[in-house]
Amino acid sequence: MSHLPTIQFAAPQFPASGVLVVLAGKDGALPAGLPDGVRGAAERAGSLGKFKGKGLSTVETIAPADSGLDRIVVVGTAGEESFGEEDWLKLGGTIQAKLAGASEATIWTEGAATAPQARDAATIGLGLLLRAYKFDRYKSKKAKDGEEDAAEQTLTVTIAVADPDAARAAFEPLDALGEGVRLARDLVNEPANILTTTDYAARIEALSSTGLEIEILDENRMRELKMFALLGVSLGSPTPPRLCIMRWNGGADGEAPVAFVGKGVVFDTGGVSIKPAAGMDEMKGDMGGSAAVVGLMRALAGRKAKVNAIGVVGLVENAVDGMAQRPGDIVTAMSGTTIEVLNTDAEGRLVLADALWYTQERFKPRFMVNLATLTGAIIVALGNQHAGLFSNNDELANRLLAAGLATGEKVWRMPLGKDYDKMIEGKFADIKNVGNGRSAGSITAAQFLQRFVNDVPWAHLDVAGTAMGSPSNEYNQSWASGFGVRLLNKLVEEHYEAR
């Protein structure tokens with residue numbers, strides 16, 4: 001299924017073949033040192049296309065016959081502000097989209113309106129890899145007349161940069177980050193008949209090859225731990241629940257870990273409070289929060305992050321049979337809190353209640369961030385452009401906001417408060433799993449989760465609008481975005497790793 005280009009870095013040396021990608025500055029200014037014929041062809045194409053060098057705009061032309069090149073692609077980099085991290089990522093994605101059918105290409109970085117540093121050049125490479133991602137493993141491929149499918153051709157991209165050794169070194173951790181994002185996308189894109197709870201757990205267990213320590217809790221162990229909130233969600237499914245723990249020990253011995261917790265509902269029918277048929281197929285992606293946690297842990301291990309980190313994901317299927325949980329049932333969470341289940345389609349918070357309590361109690365983390373495709377209400381509030389951020393800690397919240405702006409995986413802080421807390425007080429149990437009517441649905445869900453974190457610094461990211469079905473962009477054309485992996489990697493890298 002791999003369509004990924006091979007990325008390499010080299011000192012500027014004019015290529016003798018393939019596609020030449022030239023970065024242009026303000027007013028379409030081309031870099032010095034281009035051969036006269038190539039410069040002339042690029043300038044003519046720019047003139048005909050009214051190309052002004054605006055950021056991510058493109059123009060292309062057939063290369064002069066005597067150049068040895070196939071095509072010339074000119075990409076603009078000019079704008080009101082200097083390029084930032086996500087801009088370089090978008091640039092790589094924009095270029096990858098222009099390389100269909102090519103077997104080799106060279107990106108000439110000199111000439112960009114913002115001079116790329118080693119990390120910037122490496123980020124272009126990450127953009128190439130993320131844009132090249134496709135999920136087509138279940139499509140039958142039939143080559144025409146024995147010809148090789150263009151998508152299966154091997155593409156090698158050379159990024160010509162002043163300090164190729166530094167760029168190569170900067171690319172190594174980004175390459176690992178890209179693997180984590182692609183893993184998260186794969187998990188969300190998989191159909192639920194393939195990615196069952198047990199298959200998912202097996203895939204997580206296989207990540208031990210990366211250096212992660214993996215522990216899988218089965219149904220019996222969770223029953224011993226009295227995780228009846230999580231277990232209640234799985235009652236109607238023939239596939240058993242699992243709680244998967246991933247540990248990366250890259251920091252100092254004994255140092256408290258950072259912790260990430262994910263909702264892993266591999267399919268959500270809504271249970272007895274069944275969802276409408278329209279769009280229910282997309283509920284294979286209701287494990288998008290857990291996928292981000294798994295992808296992040298894969299990335300941290302792959303780049304050997306200097307931090308101790310814990311990833312915990314609760315895997316269940318919310319299905320319907322005669323044993324399924326009913327509206328009105330009361331369950332007791334691991335914490336001892338009793339919960340009145342008024343709507344079985346508000347199941348993710350039940351899974352997270354036990355996963356969060358287990359994580360804070362066992363690992364005593366520096367902070368916890370949980371991710372979940374938790375509520376449709378967050379899409380009503382924020383659309384598909386931001387994830388909802390709820391937090392009991394201003395420092396953690398502000399760091400997540402900054403990481404979102406840097407990576408383009410944006411979050412927007414939403415309120416928490418005692419008045420909202422009153423909306424989930426139970427009539428027959430301590431709390432109920434939904435608020436009053438449709439008001440503040442994403443907030444009352446967050447208030448519910450806050451009951452299970454004690455005083456640990458905590459943030460809840462509601463990624464219902466961003467983990468799947470979010471708008472396509474320059475570096476993602478997939479239904480599953482892998483949202484959260486780059487965001488949380490940035491958080492760890494900037495604030496919690498040993499220098």
Side-chain angles (χ1 to χ4, degrees), residues 1-5 89 93 96-97 126-141 149 151-152 176-207 239 242 244 262-269 275 278-299 302 311 313-318 348 371-374 379 384 387 408-409 461 463-489:
M1 191 189 76
S2 177
H3 310 277
L4 302 178
L89 197 70
Q96 175 64 31
L126 178 59
L128 290 161
L129 293 174
L130 294 185
R131 175 61 183 256
Y133 172 87
K134 293 180 181 177
F135 189 83
D136 57 4
R137 65 181 52 166
Y138 300 111
K139 289 192 174 184
S140 300
K141 297 183 178 68
D149 188 329
E152 297 299 326
L177 177 58
E179 288 192 35
V181 174
R182 293 192 300 274
L183 172 58
R185 289 178 182 177
D186 277 349
L187 291 169
V188 175
N189 280 326
E190 283 282 10
N193 63 320
I194 302 296
L195 193 75
T196 62
T197 53
T198 50
D199 179 81
Y200 197 168
R203 295 192 194 197
I204 291 172
E205 204 158 21
L207 293 176
T239 62
R242 294 288 185 264
C244 303
K263 169 190 170 182
V265 179
V266 296
F267 194 81
D268 182 18
T269 64
K275 293 178 179 291
M280 195 194 287
D281 57 295
E282 295 189 349
M283 287 301 97
K284 69 175 188 175
D286 205 23
M287 32 60 65
S290 67
V293 172
V294 175
L296 171 69
M297 296 301 294
R298 170 68 181 86
V313 294
L315 308 183
V316 300
E317 181 185 24
N318 190 22
L371 301 93
T373 51
L374 206 63
I379 304 176
N384 301 95
E409 295 194 333
L461 299 179
V463 297
T466 54
M468 54 184 175
S470 55
S472 298
N473 61 26
E474 290 84 355
Y475 50 85
N476 181 45
Q477 298 290 301
S478 168
W479 180 72
S481 66
F483 183 97
V485 178
R486 292 187 302 107
L487 169 73
L488 297 177
N489 180 76

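Quick note: numbers below take in every heavy atom, side chains included, and nothing from hydrogens, waters or symmetry partners.
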Participant: Could you name each residue pair satisfying salt bridge (charged side-chain N to carboxylate O under 4.0 Å, His left out) that touches residues 285-295, not counting sequence neighbours?
Facilitator: Lys263-Asp286
Participant: Side-chain contact test, heavy atoms from C-beta onward, threshold under 4.5 Å: evaluate it for Tyr200 versus Thr239 and give yes or no.
Facilitator: no
Participant: Where the side chain of Ser290 meets the backbone of Val313, is there a donor-acceptor pair that is under 3.5 Å apart?
Facilitator: no
Participant: Search all heavy atoms of Met468 against all heavy atoms of Thr373 and return the closest pair with its distance.
Facilitator: CE-CG2, 4.3 Å
Participant: Can you tell me how far the CG atom of Asn384 sits from the CZ atom of Phe483, to the nearest 0.5 Å?
Facilitator: 11.0 Å
Participant: With rounding to the nearest 0.5 angstrom, report the CG to CE distance, Leu183 to Met297.
Facilitator: 12.0 Å
Participant: Do Arg203 and Val294 touch side chain to side chain, with heavy atoms closer than 4.5 Å?
Facilitator: no
Participant: If you define the side chain from C-beta out and look only at heavy atoms, does anything of Leu487 sit under 4.5 Å from Leu461?
Facilitator: yes
Participant: Can you check whether Lys275 reaches Asp268 side chain to side chain, under 4.5 Å on heavy atoms?
Facilitator: yes
Participant: Nearest heavy-atom pair of Ala291 and Val188: which atoms, and what distance?
Facilitator: CB-CG2, 3.6 Å
Participant: Using modelled atom types only, decide if a donor and an acceptor are shared between the side chain of Gln477 and the backbone of Ser472 within a distance under 3.5 Å.
Facilitator: no
Participant: Looking at every heavy atom in both Leu315 and Cys244, which two are closest together, and how far apart are they?
Facilitator: CD1-SG, 3.7 Å
Participant: Distance check, rounded to the nearest 0.5 Å: Phe267 atom CZ versus Thr196 atom OG1?
Facilitator: 14.0 Å
Participant: For Leu371 and Leu488, run side chain to side chain contact (heavy atoms under 4.5 Å, CB included): C-alpha distance rounded to whole Å, both residues' side-chain angles, the deciding distance at 0.1 Å, then the answer.
Facilitator: CA-CA 10 Å; Leu371 301 93; Leu488 297 177; 3.6 Å; yes
Participant: So how far is it from Arg182 CZ to Arg298 CZ, rounded to the nearest 0.5 Å?
Facilitator: 9.0 Å
Participant: Check Asn476 against Ser481 and note the closest heavy-atom contact, atom names and distance.
Facilitator: ND2-CA, 3.4 Å
Participant: List the atom of Leu4, the atom of Ala132, and the distance in Å for their closest heavy-atom pair.
Facilitator: CD2-CB, 4.1 Å
Participant: If I take atom CG from residue Leu89 and atom CD from residue Glu474, how far apart are they, to the nearest 0.5 angstrom?
Facilitator: 9.0 Å
Participant: Would a distance-only check, ignoring hydrogens and angles, find a side-chain to backbone donor-acceptor pair under 3.5 Å from Arg185 to Leu130?
Facilitator: yes
Participant: What distance separates Leu187 CG from Ile204 CD1, expressed to the nearest 0.5 Å?
Facilitator: 7.5 Å
Participant: Measure the shortest side-chain to side-chain distance between Val181 and Leu126 over non-hydrogen atoms and say whether it is less than 4.5 angstrom.
Facilitator: no
Participant: If you look at every heavy atom in Thr466 and Ser470, which pair is closest and at what distance?
Facilitator: O-OG, 3.4 Å
Participant: Can you confirm whether Met283 sits close enough to Asn318 that some side-chain heavy atom of one is under 4.5 Å from a side-chain heavy atom of the other?
Facilitator: no
Participant: Spell out, as yes or no, whether a donor-acceptor pair under 3.5 Å connects the side chain of Glu190 to the backbone of Leu195.
Facilitator: no
